[in-house]
Peer 1: 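Supplied in structure tokens, the structure appears directly below.
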Amino acid sequence: MRIKQVMLNYASNAIKYTENGQIDVFLSCEQAGDGVVNLIYKVKDTGYGIKEENLPKLFTMYNQFDEQRHHGKEGTGIGLAISKTFVDKMNGTVAVESVYGKGSTFSFSIPQKIISLKECEAEQQNAQENVQSFVMRDARILVTDDNEINRSVLQAILEPFQMTIDEAENGKEAVEKAKQNAYDLIFMDSHMPVMDGAKATKLIRELEVTTGRHTPIVATTADAITGVREQLLAAGMDDYLVKPIDIQKLGTIIQKYLPKDKILYQ
């Protein structure tokens, strides 16, 4: 969870201060001793960049440099200081490289013990064999999320499966579409304005009392804390996926809940 928070901070800063060009995210691994590796996370942008004299002060509290250039951009720099605190507590290190006017690369490194190389190799092989090894041309699903980017990302991940995909911007719209269409699977964001995922799921389940049909509803949530899964299941959902969506887990969910006669293995 802390790694995710640091990466989101780095990425949001890159987006905030990059008007043109691109932003790249990297994850690499290097040996750090017997049975230990360093996982290195990097976010590289083509944004404003940072003056060399300001680089040593970047990860200290309440510093935002070049106020004139960054005018209108929210933030005090406190996010970087908190990120450094998180990384320090994981025995890691933070770093930044920047050329003023051309862009920056923020990175951090976390040491990790190698538990079993065999397990890693087996997992990689299974992922390659399972991901996108089937299509579902006759399946129809509903993606519900108030964030357009989240909907677009999930659509892009689902596109190779060749199913029909509808969208809803909130729980209320999802309920209306569930009235009008027979979906094979519904992905439901847990936190939305107008109507949240739990309320929408409850109303869809009430509709199903009269139709006798049960539509699998899978929550998509950024909450990975203990107890969230139980709360979502208690609301009437069948399962959940943690954001950002893992492609292999998504494939497993699809195979588990979609009608078997609609899955065509390649």
Peer 1: Please examine the side chains of Lys89 and Arg2, heavy atoms only from C-beta on, and report whether any two atoms are closer than 4.5 Å.
Peer 2: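 The answer is no, as the side chains (C-beta and beyond) never meet within the 4.5 Å cut-off.
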Peer 1: Looking only at heavy atoms, what is the nearest atom pair of Thr215 and Arg213, with distance?
Peer 2: OG1-NE, 3.5 Å
Peer 1: If you apply the rule side chain to side chain contact (heavy atoms under 4.5 Å, CB included), what do you find for Asn9 with Leu80, and how did you get there?
Peer 2: CA-CA 7 Å; Asn9 177 243; Leu80 290 176; 3.6 Å; yes
Peer 1: Do Lys172 and Val175 touch side chain to side chain, with heavy atoms closer than 4.5 Å?
Peer 2: no
Peer 1: According to side-chain hydrogen bond (donor to acceptor under 3.5 Å, both in side chains), who are the partners of Ser190, at least two apart in sequence or on a separate chain?
Peer 2: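 Partners of Ser190 by the side-chain hydrogen bond (donor to acceptor under 3.5 Å, both in side chains) criterion, ordered by chain and then number, come out as Thr221.
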Peer 1: Does atom CD of Glu159 have more than 12 heavy-atom neighbours from other groups under 6.0 Å away?
Peer 2: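 Result for CD/Glu159: open.
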Peer 1: Could you pull out the closest heavy-atom pair between Val36 and Gln31, with the gap in Å?
Peer 2: O-OE1, 3.8 Å
Peer 1: Are more than 12 heavy atoms, taken from residues, nucleotides or ligands other than Glu53, located less than 6.0 Å from that residue's CD atom?
Peer 2: yes
Peer 1: State, yes or no, whether a side-chain contact exists between Val143 and Thr220 at a heavy-atom distance under 4.5 Å.
Peer 2: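 Answer no - side chains too far apart.
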Peer 1: Between Phe106 and Ile50, is there a side-chain heavy-atom distance shorter than 4.5 Å?
Peer 2: yes
Peer 1: Output all residues satisfying side-chain hydrogen bond (donor to acceptor under 3.5 Å, both in side chains) with Asp238, sequence neighbours left out; order by chain, then residue number.
Peer 2: Arg205, His214
Peer 1: For residues Ala198 and Ala235, report the shortest heavy-atom separation together with the two atoms involved.
Peer 2: CB-CB, 3.8 Å
Peer 1: Which pair of non-hydrogen atoms, one from Val37 and one from Cys29, has the smallest distance, and what is that distance?
Peer 2: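 Closest pair (atom of Val37, atom of Cys29, distance): CB-SG, 3.6 Å.
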Peer 1: Answer yes or no: is there a donor N or O on one side and an acceptor on the other, between the side chain of Ser109 and the main chain of Thr93, under 3.5 Å?
Peer 2: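 Flag not set: sc Ser109 to bb Thr93 has no pair under 3.5 Å.
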Peer 1: Leu232 vs Thr201, test: side chain to side chain contact (heavy atoms under 4.5 Å, CB included). Steps then yes/no.
Peer 2: CA-CA 10 Å; Leu232 296 173; Thr201 299; over 6 Å; no
Peer 1: Who pairs with Lys177 by side-chain hydrogen bond (donor to acceptor under 3.5 Å, both in side chains), at least two apart in sequence or on another chain?
Peer 2: none
Peer 1: Only counting residues at least two apart or in another chain, list the ones meeting salt bridge (charged side-chain N to carboxylate O under 4.0 Å, His left out) with Asp184.
Peer 2: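 With neighbours one apart ignored, the set is Lys262.
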Peer 1: Looking at every non-hydrogen atom in both residues, tell me the closest pair between Arg151 and Ala168 and how far apart they are.
Peer 2: CD-O, 3.7 Å
Peer 1: More than 12 non-hydrogen atoms from neighbouring residues, nucleotides or ligands closer than 6.0 Å to CD1 on Ile149, yes or no?
Peer 2: no
Peer 1: Could you report the tightest heavy-atom contact between Gln255 and Ile263, atom names first, then the distance?
Peer 2: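 It is CA-CD1, 3.9 Å.
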Peer 1: Using ring pair (Phe, Tyr, Trp, His ring centres under 6.0 Å) as the criterion, list what pairs up with Phe187, not counting sequence neighbours.
Peer 2: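 With sequence neighbours excluded, Phe187 shows a ring pair (Phe, Tyr, Trp, His ring centres under 6.0 Å) to no residue whatsoever.
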Peer 1: Side-chain polar contacts of residues 38-45 - donor-acceptor pairs under 3.5 angstrom, sequence neighbours left out - could you list them?
Peer 2:
from: Asp45; atom 1: OD1; to: Gly47; atom 2: N; distance (Å): 2.9
from: Asp45; atom 1: OD1; to: Ser104; atom 2: N; distance (Å): 3.1

